[in-house]
Amino acid sequence: MQQVNRVKSHLYHVKSFVQRFALILLIILSFGFMLLGKADNVIASSAQKILTAVMIPILQVVTVPVNAIKSYAGDVQELATLKEYNKNLLEQNQELQKYKKQAKKLLIENEKLAKLLNYKKPPMVKSIAAKVVADPGGAFAQSILVLAGSDDGVSKGDVVMGNEGLAGRVALVGTKASQVLLITDVNSRIPVFIEPNRYRAILIGDNTKKPQIIALPEKAEVNPGDKIVTSGDAGVFPAGIEIGIIESKKDGIIKVKTLVDRDRLDIVNVIDFGLKGILENLKCEQ
Amino acid sequence: MTTLYEIIKKFLYITAPFFMVVFLEMITVIPIRLPSFSMVSPPLALIPIYYWAVHNPWRFGIFSAFSCGFLMDVLTMNPLGINALIFTLLYYTVNQLRRFIAGKPFYVSWLGFSLFGTISLIIKWFLISLFSHNFGNFSIVLISAIFMIILYPLCALLCYSLIKISPEEDFE
């Protein structure tokens, strides 16, 4: 009995000691995590991967009612515009039929020419469609969590495409899910070409819907409507992927309207172009 | 003799505030797809952190605040430790000043949150900007703060309901 009391008293002292220094301890821990994360430490990324894997099933359950409401609201909206939608589809179909015939002709011609020139085709790209399960949003980070991980063949640095253009790249890969850094994130830097003059520049995110263009040559003349595509420099993104168009140019700040609409990003394509870029070199250095 | 039912009840009583913060963190990261909302979606988890620090600190301690912040870092892909630090500092500061807020009219609590919540977001913006060597757009931080302040009564009502569901007397 005396021993139990001694243990209890000892535990009480430990508890009060911890509580007294809890704030200092937790502040030190927080800064420790920040430094670990900054150094891209294996421990930090492993912790993130494990916790993300744990949270995925819970997130999927929580999203069920939200998706159901969205689906019903979408159905009601569709019903209201069904007639007009159908008319548009018929018009599009007629136009596409014309292109289909042209494409067939061009395909045959292309094959013949490739054979004549003994052209070596680039390797097939590997693409995975993945559902977006989390979209933290907010003013601090522009990232999404998609339901495809290393088990599905996703690897760090893979290109992520929305329906219309570039959405971002895979920043962290778990077994079942991956985190994608969007092109609008403040940490995103993408070497680009500005069409039609093919000026080289850098597209940087600023956590808003419209990223900016920097590092443009001094005498470069760009105008609203000019197309932005990846330049392929640094080897992270292949050249020629469409990103968006220049929306405005004011006081030296060039804003870009992205083709990908963040608010409609439900399913994305994770593509492995087989590039050996900066990310691969960094991996090797580690 | 303590029954299993009592043990479970006590466990739920102690952990419910923690799980409420986790639930609100989940709500924050669910893709809602309202036009432009993703840019300014408010960090709702700050509301229960503040609320528990004022009204029920014996059920939600500083370590719980830190853990919730760490989880938020993982979910939102912020640098690890940022939210953990913000949540811990908010909890500690508010807990130290709770005698000026607890038991006062609701608007005092709301005003207090408006002040501490906004300061928390500004500190977070500053830290993240330092980390990324790029000062992000400050106006969206303020819009996010306004949304958060507007939603305070709703989340506070949720927290209040939780206290009412499991009153303390049951466990004394």
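Residue numbers start from 1 in every chain, and the chains themselves are labelled A, B, ... in the order their sequence lines are given, proteins ahead of strands.
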With a 4.5 angstrom heavy-atom cut-off, could you sort out which part of A:N207 is near chain B: side chain, backbone, both or neither? both

So which part of A:I27 gets closer than 4.5 Å to some heavy atom of chain B, the side chain, the backbone, both or neither? both

Could you check B:L85 against B:F66 for side chain to side chain contact (heavy atoms under 4.5 Å, CB included), going step by step and ending with a plain yes or no? CA-CA 7 Å; B:L85 180 71; B:F66 177 84; over 6 Å; no

Region of B:I143 that comes under 4.5 Å of a non-hydrogen atom in chain A: neither

Restricting to non-hydrogen atoms, name the atom on B:L90 and the atom on B:F116 that form the minimum distance, rounded to 0.1 Å. CD1-CB, 3.6 Å

Can you name the nearest heavy-atom pair linking B:L151 to B:P42, along with the distance? CD1-CG, 3.8 Å

Using non-hydrogen atoms and a 4.5 Å limit, figure out which bit of B:F70 sits close to chain A: side chain, backbone, both or neither. side chain

Who wins among A:L172, A:N187, A:T184, A:L181 for the most heavy-atom pairs under 4.5 Å with chain B? A:N187

Which heavy atom in A:R169 sits nearest to a heavy atom in A:G157, and how many Å separate them? CB-O, 4.3 Å

Determine the minimum heavy-atom distance between B:I101 and B:S109, stating which atoms define it. CG2-CA, 3.6 Å

Counting heavy-atom pairs under 4.5 Å with chain A, the top scorer among B:I140, B:I128, B:V22, B:I27 is B:I140

So which residue, A:D206, A:D185, A:T208, ends up with the most heavy-atom pairs under 4.5 Å with chain B? A:T208

Heavy-atom contact with chain A under 4.5 Å, split by part of B:F131: both

For the student: nearest non-hydrogen atoms of B:Y50 and B:V108, plus distance: OH-O, 4.4 Å

Below 4.5 Å, heavy-atom pairs only: which of A:S30, A:S143, A:A171 has the largest tally toward chain B? A:S30

Could you label the plane-to-plane angle of the B:W110 and B:Y152 rings as parallel, tilted or perpendicular, counting under 30° as parallel and over 60° as perpendicular? parallel

Non-hydrogen atoms of chain A under 4.5 Å away: do they reach the side chain of B:N83, the backbone, both or neither? neither

